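Written below as structure tokens is the structure these notes are about.
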Amino acid sequence: MNYVLDRIYQQVEKLATDEFGEPTPEVRRPPKGSQAIYAVPCFQYAKTKGVNPMQLAERVAARWSKGLTDEGLIERFEAARGYVNVFANQQKLLAGILQDAESAGECYGTHADRGQTVVVDYCSPNIAKPLSVGHLRSTIIGQALINILRARGYKVVGINFLSDWGTQFGKLLYAFEQWGEEEKFTADPIGHLLDLYVHFHKELKENPTLEDKGRTTFRKLEQGEAKERVLWKRFREESLNSFEKTVGRLGVHFDHNWYESEFEKKAHDLIDSLLEQGIAEHSEGAVIIRTFEDENKPPLVARKSDGTTLYASRDLASALERIEKFSPVSKLIYAVATEQNLHFANLAKALERIGFPDVLEHVRFGMVSLPEGKISTREGRVVYLDELLDEAERRAAEIITEKNPDMAADTRAEVARRVGIGSVIYADLSQDRIKDIVFDWKRMLAFEGNSAPYLQYAAVRCARILQKAGLPTGEWVQGTDSAKLEEPESIELVMALGRFPQAIAEAAERYAPHVLAGYLYDVAGSLSRFYTQVSVLKAAGEATRLTRLGLVQATESVLRRGLALLGIQTPEVM
RNA sequence: GCCCCCGUAGCUCAGAGGAUAGAGCGAUGGUUUCCUAAACCAUAGGCCGUGGGUUCGAAUCCCUCCGGGGGUACCA
């Protein structure tokens, strides 16, 4: 789809390229308050030619204006302070946006299939521990990226890569053999495993020999001893059940669940092959892949001196399997916290040496900590994801009871779910992912201002208008006439809707859900102002009523689907 | 020690080289016989951490320092 603003942009870009050559000044949006649609700065060119930028802009604007035809979307060019401002024919632009939204319907803003696959690694927890708020970011950032990239026309495969291998599971198996209780495990598998985990580490402080017990037990698991294997598989299965239940509340469903343990053998084969090729080498008893020239930066350790593999090599084997299995893969995306920077830098370099440069994209995000300090399950310094979601739903239900006491109980539960969980997701995704977050209930459960409920509320208001207008669901308003859009609030709203495709595009290019969130907040703000100033159902004249109705319908669609891209559901009523 | 990230209003954050730095929360004041007030409007609040540099132009790019966070080969 080539949307109307894209068409204008491309036209202006071509003019700028023809006029100025390289380097072409960047076509940009003028500051707020300007009626212009785009602006081309002339300063750089003026500098190189030694002319006054104001005068240059005047000349260029005049020249470009001569080339305009009456049919075009662009109406005029005006020079202003060294910029050439581009003004669209407002009627044609508004009509074009409404037309785009109407003809594309529920596909408005999306892009056709590009024939490229991206693989997104997200959530990826350790088994045998419940998900905490620490897993929230990877899960919802990953899911939002999956949705946004799909909207941009990529084929996307989401993988939850479970950590189920390593000595820590030997420790847990040992703990279960020592202190585990079958009944407790059956009743609450993950809860019991968590208790055992905490208990083990408490005992470990008193009795350091437990470290060896864990290692020995893990060796048994590695060697395939039936007893350990059966138990470990149960841990794994129960963990996955628990994870899927929890992330299901966030509307997340994994395309694939991959297990790290399954890459143990593949990692060994890979390392052998890389040794033969000279990409891997022996060093200090271990096998490494040299990644950076810088002596201070450690290489990727592929095999420990005791002959076993590590997370790094299993991850590498898994990356190669992803490339092979989902071919042709244009990107391997990892939604993982910034603390694993070095790991992914090494992984990217290793992939490059193997012959896959520029494929790995570490979509990193800042740490979540608690006001008391870094999250630590061992120390009991943790907020679990289910706790957070429960509280979010509870708080939302409370507000609904207050604001809308007549709502039926089952409706209220559903609305509370969408509003509460939406708030949690939005609180995270509305912010640049690189920043650290200190967990704060008030912040996560904000229901006013720049928050999910604000956006949901705007969409619900639209839906209500459409419903009251007696519009059959699934049908688009016919007979809109952009000439009937006169009020500044209406025009502002249409213009906001016109930017939807670009907002999705930028969010996809920068792997930045917050770009989309910020855009949707703008749309909701425009809608709110429109709503208070312009009456739809009581509009004077049928043509005006229909046009406003069409606008409201397009707005509802953009808000609802935009929120859906972020992983947030819009309730039917609020 | 070395490497990476962050520092913008009282608080939480947008702003990815361009025109007068913007929101939300909090504060103060206003708006409900009219499609839902989870809303709208107004006011107050800024040496964009510091000092230098690059540039026609810097919150944005580079360097110094300060403050905070993370990482630093055989954990995941």
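No experiment lies behind these values; they were computed from the predicted model shown. Each chain gets a letter, A, B and so on, in the order the sequences are listed, and its residues count up from 1.
- Side-chain proximity of N341(A) to C4(B), C75(B), A38(B): nearest is C4(B).
- The T532(A) side chain lies nearest to C40(B) when the options are C35(B), C40(B), U72(B).
- The distance between atom CE of M574(A) and atom C1' of A37(B), rounded to the nearest whole Å, is 12 Å.
- For N126(A), counting side-chain heavy atoms from C-beta on, the closest listed nucleotide (A76(B), C40(B), C35(B)) is A76(B).
- Tested against R290(A) for a salt bridge (Lys or Arg N to Asp or Glu O under 4.0 Å), the candidates E281(A), E295(A), E352(A) yield a single pass: E281(A).
- As a whole-Å value, the separation of W441(A) CH2 from C11(B) P is 24 Å.
- Y45(A) has its side chain out of reach of P25(A): every pair of non-hydrogen atoms, C-beta onward, lies at least 4.5 Å apart.
- A gap of 23 Å separates the C1' atoms of A38(B) and U33(B), to the nearest Å.
- OP1 or OP2 of A73(B) has not a single side-chain nitrogen or oxygen of R290(A) nearer than 4.0 Å.
- Between Q569(A) and the choices R560(A), R418(A), Q456(A), the side chain to side chain contact (heavy atoms under 4.5 Å, CB included) rule is met once, by R418(A).
- In this structure, of A19(B), C56(B), C35(B), it is A19(B) that holds the atom nearest to the side chain of P30(A).
- Within the 4.0 Å cut-off from OP1 or OP2 of G15(B), at least one side-chain nitrogen or oxygen of H514(A) is found.
- If you find the closest nucleotide of RNA chain B to K538(A) and to E26(A), the one lying nearer the 5' end belongs to E26(A).
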Bracket string, RNA chain B, 5' to 3' - pairs by Watson-Crick or G-U geometry under 3.5 Å, | interstrand
((((((((.[[[[.)..(...]]]].(((((.......))))).....[.[[[..)....]]].])))))))....

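- N346(A) places its CG atom 12 Å from the C1' atom of G71(B), with the value rounded to the nearest Å.
- Ranking A38(B), C56(B), A73(B) by closeness to the Q44(A) side chain, first place goes to C56(B).
- Residue contacts for I434(A): at a heavy-atom cut-off of 4.0 Å it reaches the sugar-phosphate backbone alone, with no base atom in range.
- Counting any heavy atom pair closer than 4.0 Å across all strands shown, S305(A) reaches a base atom.
- Of the N and O atoms on the side chains of R322(A) and S318(A), at least one donor lies less than 3.5 Å from an acceptor on the other residue.
- The closest side-chain donor-acceptor pair between T309(A) and R314(A) falls under 3.5 angstrom.
- Dashed line: the shortest gap from a side-chain N or O of R29(A) to OP1 or OP2 of A19(B) is not under 4.0 Å.
- When distances run from any side-chain atom of K468(A) to the nucleotides A73(B), G24(B), C35(B), the shortest one goes to C35(B).
- The residue S535(A) sits close to a base: some heavy atom pair falls under 4.0 Å.
- Nucleic acid contact for A39(A): base, since at least one base atom lies under 4.0 Å from a heavy atom of the residue.
- Side-chain contact check for S261(A) and R236(A): at least one donor-acceptor pair (N or O, by modelled atom type) lies under 3.5 Å.
- Distance CD (E284(A)) to P (A73(B)): 11 Å, rounded to an integer number of Å.
- Using a 4.5 Å cut-off on side-chain heavy atoms (C-beta onward), L370(A) and V438(A) make no contact.
- Rounded to whole Å, atom P of G17(B) lies 16 Å from atom CZ of F43(A).
- R433(A) places its CZ atom 15 Å from the C1' atom of A14(B), with the value rounded to the nearest Å.
- Contact annotation: the side chain of W165(A) approaches that of W232(A) to within less than 4.5 Å [non-hydrogen atoms, C-beta and beyond].
- Nearest to the side chain of D432(A), among A19(B), A23(B), A14(B), sits A14(B).
- Comparing C35(B), C40(B), C2(B) by their closest approach to the side chain of N296(A) singles out C2(B).
- Across L485(A) and S490(A), no two heavy atoms sit closer than the pair CD2-CB, 3.9 Å.
- A glycosidic torsion no more than 90° from 0 defines the syn conformation, and U32(B) adopts it.
- Comparing U8(B), A73(B), A76(B) by their closest approach to the side chain of K435(A) singles out U8(B).
- Toward the 5' end of RNA chain B, the nearer of the two residues R364(A) and V515(A), judged by each one's closest nucleotide, is R364(A).
- Put simply, R545(A) has no side-chain N or O that comes within less than 4.0 Å of OP1 or OP2 on C35(B).
- Contacts of Y531(A) with the nucleic acid, taken as non-hydrogen atoms under 4.0 Å apart, include base atoms.
- Applying the 4.0 Å criterion to OP1 and OP2 of G24(B), one finds that R443(A) has every side-chain N and O outside that range.
- Cation-pi geometry between R461(A) and Y531(A) is met: the NZ or CZ atom falls under 6.0 Å from the ring centre, inside 45° of the normal.
- No hydrogens or angles considered: a donor-acceptor pair under 3.5 Å links the side chains of N450(A) and Y426(A).
- Taking atom C1' on both C13(B) and G30(B), the two are 27 Å apart, rounded to the nearest angstrom.
- Between C48(B) and G15(B), the distance separating the two C1' atoms is 11 Å to the nearest Å.
- Among the heavy atoms of the strands, none lies under 4.0 Å from Q533(A).
- Between K403(A) and the phosphate of A38(B), there is a side-chain N or O to OP1/OP2 separation shorter than 4.0 Å.
- Base contact: N85(A) has a heavy atom under 4.0 Å from a base atom.
- To the nearest angstrom, P of G71(B) lies 11 Å from CG of D436(A).
- On the C1' atoms, C56(B) is 36 Å away from A44(B), given to the nearest whole Å.
- As judged by a 4.0 angstrom heavy-atom cut-off over every strand, I400(A) is placed among the base-contacting residues.
- Distances were taken from every side-chain heavy atom of S283(A) (C-beta onward) to each of G71(B), A14(B), A73(B); the shortest belongs to A73(B).
- Between G71(B) and K374(A), a contact under 4.0 Å exists linking OP1 or OP2 to a side-chain N or O.
- Using a 4.0 Å cut-off, some side-chain N or O of Y454(A) falls inside it from OP1 or OP2 of C40(B).
- The side chain of Q431(A) places an N or O atom within less than 4.0 Å of a non-bridging phosphate oxygen (OP1 or OP2) of C13(B).
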